[in-house]
Amino acid sequence: METTRTEACGSDLLGSTTALLQRVRGEDAIHGVWEVADLQWWWRRARPTDAWDMPIWVDDAGPVAAVVATDWEHAVAIDAFVLPSRGDLLPEVWDAAMAVVENHPDATFEVMVDDRDGDSVARLEAAGFHPLPDTGVSAWVGVGDLRRLDAELPAGYRITSRAWLRESMPHHFSATNGANVEARLEETSLYRDDLDLVVVTDTDEVAAYALFWIDPATGIGFVEPVGTVEGHRRRGLARALLGAGLDALVDTGA
């Protein structure tokens, strides 16, 4: 199939990369380091990079490769996505990514890359990037191997969802991500407020949170983020949330 290069930014880029990463999962169950839900979670707040025109490669079936830049304030993350079956595009895509870096000389850039991807690692090192000691881990489990996380909440706590709280209180991510966080999440195709779970106290104080995502196109359930508020830690709240959320993902068909 003929491949053409185009550009997109903002929500158009998010839509294209969503379709691309769904195609990636259709070809390889665990390829790469990011999921659709990762990129949709990043959309929770406006960033200067939303306005950057980024390259996308498209064939008759849809996007086959893309470059994405995400401003994390301390640095701009640059990511190159390529269908596993289109490895022939990898040199061109990384060249385009490095062109983005060169076009923003005042920015600091970082890249998360699978350490099994020796070709990409070599290209990045040749471009002047150097490895940091920080590492990330993706943990996978099939539904058939999933173990129940039975956990009782201590007295004074209960699990609920954003679907039940939206009329009575601001979103629990507002303090760290701005007042528009809920509107931004609702702009994404995967966000569901019934899978946006929280543990609250008897006085409706948020004590812990866990956001679960389900991609109907791939059947992949995803958890990001999970956290417990200081003052409520070491009480089993996150374990109880994970148990409830994983059960919910299975019920949705993950």
Quick check on side chain to side chain contact (heavy atoms under 4.5 Å, CB included): which of Leu20, Ile220, Asp215 does Val36 satisfy it with? Asp215
Verdict with supporting geometry, Trp164 and Val200, side chain to side chain contact (heavy atoms under 4.5 Å, CB included): CA-CA 12 Å; Trp164 289 96; Val200 295; over 6 Å; no
Answer yes or no: is there a donor N or O on one side and an acceptor on the other, between the side chain of Trp43 and the main chain of Leu39, under 3.5 Å? no
Taking the six-membered ring for Trp, is the centroid-to-centroid distance between Phe173 and Tyr209 below 6.0 Å? yes
Say whether, by atom type as modelled, one donor and one acceptor occur between the side chain of Arg123 and the main chain of Trp94 under 3.5 angstrom. no
Would a single hydrophobic cluster contain both Val223 and Met112, if residues Ile, Leu, Val, Met, Phe, Trp and Tyr are joined by side-chain heavy-atom contacts under 4.5 Å? no
Rounded to the nearest 0.5 Å, what separates atom CD in Gln22 from atom OG1 in Thr17? 9.5 Å
Salt bridge (charged side-chain N to carboxylate O under 4.0 Å, His left out) partners of residues 70-83, not counting sequence neighbours, each pair once: Arg45-Glu73
To the nearest 0.5 Å, what is the distance between CD1 on Ile56 and OG1 on Thr3? 13.5 Å
Quick test of your reading of the model: are Asp50 and Arg184 salt-bridged, counting only N-O distances below 4.0 Å? yes
Would a single hydrophobic cluster contain both Val101 and Val113, if residues Ile, Leu, Val, Met, Phe, Trp and Tyr are joined by side-chain heavy-atom contacts under 4.5 Å? yes
Check the surroundings of atom CD in Glu186: do more than 12 heavy atoms from other residues, nucleotides or ligands lie under 6.0 Å from it? yes
Tell me whether Arg166 contacts the main-chain N or O of Met169 through its side chain, where contact means a donor paired with an acceptor under 3.5 Å. no
Are Leu246 and Tyr191 grouped together when hydrophobic residues (ILVMFWY) are joined by side-chain heavy atoms under 4.5 angstrom apart? no
Dump the intermediate steps for side chain to side chain donor-acceptor pair (under 3.5 Å) on Trp57 and Glu92, then the final yes or no. CA-CA 10 Å; Trp57 290 257; Glu92 181 180 351; 2.9 Å; yes
Common cluster, Phe212/Leu165, ILVMFWY with side-chain heavy-atom separation under 4.5 Å: no
Closest contact, heavy atoms only, Glu125 versus Pro131: OE2-CD, 4.0 Å
Checking the side chain of Arg44 only, and the main-chain atoms of Asn180 only, is there a donor and an acceptor separated by less than 3.5 Å? no
For the pair Glu224 (side chain) and Trp41 (backbone), establish whether a donor and an acceptor sit closer than 3.5 Å, ignoring hydrogens and angles. no
Between Ser161 and Leu195, is there a side-chain heavy-atom distance shorter than 4.5 Å? no
Check whether Val68 and Leu124 end up in the same hydrophobic cluster, where Ile, Leu, Val, Met, Phe, Trp and Tyr are linked by side-chain heavy atoms less than 4.5 Å apart. yes
In short, Asp114 meets Val121 closest at the heavy-atom pair O-CG2, 4.2 Å
Output for pair (Leu190 CG, Thr218 OG1), nearest 0.5 Å, gives 8.0 Å
Closest non-hydrogen atom pair, Ala238 against Thr228: CB-OG1, 3.8 Å
For Leu13, does its backbone N or O pair with a side-chain atom of Ser16 as donor and acceptor, under 3.5 Å? no
May I ask you to decide if Thr201's main-chain N or O and Arg158's side chain share a donor-acceptor pair within less than 3.5 Å? yes
To the closest 0.5 Å, what do you measure between CG (Asp88) and CG (Leu83)? 10.0 Å
Which pair of heavy atoms, one from Leu237 and one from Ala208, lies closest together, and at what distance? CB-CB, 4.0 Å
Is there side-chain contact between Met98 and Val67, with at least one heavy-atom pair below 4.5 Å? no
Side chain to side chain donor-acceptor pair (under 3.5 Å) between His171 and Asn177, intermediate numbers included: CA-CA 10 Å; His171 197 282; Asn177 292 280; over 6 Å; no
Which value, rounded to the nearest 0.5 Å, describes the distance between Trp34 atom CH2 and Leu21 atom CG? 11.0 Å
Residue pairs fulfilling side-chain hydrogen bond (donor to acceptor under 3.5 Å, both in side chains) with at least one residue in residues 236-254, sequence neighbours excluded: Arg148-Asp247
What distance do Leu242 atom CG and Leu249 atom CG have between them, rounded to the nearest 0.5 Å? 10.0 Å
Under the criterion side chain to side chain contact (heavy atoms under 4.5 Å, CB included), I'd like the reasoning laid out for His172 against Asp196: C-alpha separation, chi angles, the key distance, then a yes or no. CA-CA 10 Å; His172 43 282; Asp196 190 351; 3.0 Å; yes
Check Pro170 against Arg162 and note the closest heavy-atom contact, atom names and distance. O-NH1, 3.3 Å
Please report the C-alpha distance between Val100 and Trp52 in whole Å, then the side-chain angles of each, then the deciding distance to 0.1 Å, and finally whether the side chain to side chain contact (heavy atoms under 4.5 Å, CB included) criterion is met. CA-CA 9 Å; Val100 173; Trp52 292 13; 4.0 Å; yes
Keeping Glu27 on the side-chain end and Ser85 on the backbone end, is there a donor-acceptor pair under 3.5 Å? yes
Taking the six-membered ring of Trp72 as reference, does the cationic atom of Arg47 (NZ for Lys, CZ for Arg) lie under 6.0 Å from its centre and within 45° of its axis? yes
List, by chain and then residue number, the residues other than Leu132 in its hydrophobic cluster (Ile/Leu/Val/Met/Phe/Trp/Tyr, side-chain heavy atoms under 4.5 Å); write none if there are no others. none
Any side-chain heavy atom of Leu14 within less than 4.5 Å of one from Glu187? no
Taking atom types as modelled and ignoring hydrogens, do the side chains of Gln40 and Trp213 form a donor-acceptor contact shorter than 3.5 angstrom? no
Would you check, one step at a time, whether the test side chain to side chain contact (heavy atoms under 4.5 Å, CB included) holds for Ile30 with Ser138? CA-CA 9 Å; Ile30 58 171; Ser138 293; over 6 Å; no
Where is the tightest heavy-atom contact between Ile159 and Ala240, given as atom of each residue plus distance? CD1-O, 3.8 Å
